[in-house]
Engineer: 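I have a structure I would like to understand better, so I am pasting it below and will then ask my questions one at a time.
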Amino acid sequence: MRGPESEEGSSETSLAPVSNPEQYIKHPLQNRWALWYFKNDKSKSWTENLRLISKFDTVEDFWALYNHIQQPSKLAYGCDYCLFKDGIKPMWEDERNKLGGRWLMTLSKQQRHNDLDRFWMETLLCLIGESFDEASDDICGAVVNVRPKGDKISIWTVNCQNREAIMTIGQHYKERLNVPLKAGIGYQSHDDTSSKSGSTTKNMYTV
Ligand code: MGP
């Protein structure tokens, strides 16, 4: 029943319920995310070079941030972006990363122009859209490294022993990016990556 104050002709129209709240309320994400930037300043330590840019937890705030910052292909060599769930630092040492690993995609130099920005945007959308079903809980974050030898994009997960979740994530991810079937991607534990002596780390899983 409408009260007398909302009857036609009432002067208190500002109290009338909003007919379409969708228009005014931002769309919440399942998680709050933090975007980090790494700038390679040789005079500083690795951790000092890592800076938090901003956090967001709505679709609208994600796009506002995304549209405001440079695309990875415009960054200088040695720079990274990292998108991680709020509370997880984008480093091997974090509690939620130390037993984990990453799906790693290494791009050729030509792919900087053709694929890098598109792949990174798709990676961000996979994360904030929780695209990996229940395995989304295993996601810690994603990183893009801009490097002269070839750029890298990786998705970090919580535990390198969680084979089922890791395979679900890898398969979905490969499909989303439309990576050619024979060009597989590999998963490596952070333990192996951080203690590697040569230039390659062995894959625990591949898709
Ligand atoms: P990188 O930036 O991940 O890859 O690691 P890049 O530059 O392509 O080098 P490559 O070794 O893979 O060919 C570069 C270096 O940054 C590492 O060797 C570490 O010294 C340091 N580093 C990278 N990460 C992700 C971490 C981290 O999580 N913690 C710490 N302490 N150092 C890191």
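Atoms within each ligand, like the ligands themselves, are counted from 1 in listed order. Residues take their numbers from the sequence shown, with the count starting at 1.
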Engineer: Are Lys149 and ligand 1 in contact, using a heavy-atom cut-off of under 4.0 Å?
Structural biologist: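 For ligand 1, residue contact (heavy atoms, under 4.0 Å) with Lys149 is present.
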Engineer: Tell me the contacting part of Trp46 for ligand 1: side chain, backbone, both, or neither, using a 4.0 Å heavy-atom threshold, strictly below.
Structural biologist: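 Only the side chain of Trp46 comes within reach of ligand 1.
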Engineer: Which one holds for Met91 and ligand 1: side chain close, backbone close, both close, or neither close, with close meaning a heavy atom under 4.0 Å?
Structural biologist: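 Both parts.
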Engineer: Could you tell me whether some N/O pair between Asp80 and ligand 1 is separated by less than 3.5 angstrom?
Structural biologist: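 No, Asp80 has no N/O under 3.5 Å of an N/O on ligand 1.
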Engineer: Answer yes or no: is there a side-chain heavy-atom contact under 4.5 Å between Trp33 and Leu35?
Structural biologist: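 No, side chains not in contact.
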Engineer: In terms of relative ring orientation, are Tyr173 and Phe132 parallel, tilted or perpendicular, with 30° and 60° separating the classes?
Structural biologist: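 Correct class here is perpendicular.
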Engineer: I need the single residue from Lys152, Arg147, Lys39 that forms a salt bridge (charged side-chain N to carboxylate O under 4.0 Å, His left out) with Asp80. Which is it?
Structural biologist: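 Exactly one option meets the salt bridge (charged side-chain N to carboxylate O under 4.0 Å, His left out) with Asp80, and it is Arg147.
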Engineer: Got a salt bridge between Lys26 and Glu60, using NZ or NE/NH1/NH2 to carboxylate O under 4.0 Å?
Structural biologist: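 No, no charged N to carboxylate O under 4.0 Å.
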Engineer: Could you check, using the six-membered ring where one of them is a Trp, whether Phe84 and Trp156 have ring centers closer than 6.0 angstrom?
Structural biologist: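 Ring centroids of Phe84 and Trp156 are less than 6.0 Å from each other.
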Engineer: For ligand 1 and Lys152, I'd like to know whether there is a polar contact (N/O to N/O, distance under 3.5 Å).
Structural biologist: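 In this structure, Lys152 places an N or O atom under 3.5 Å from an N or O of ligand 1.
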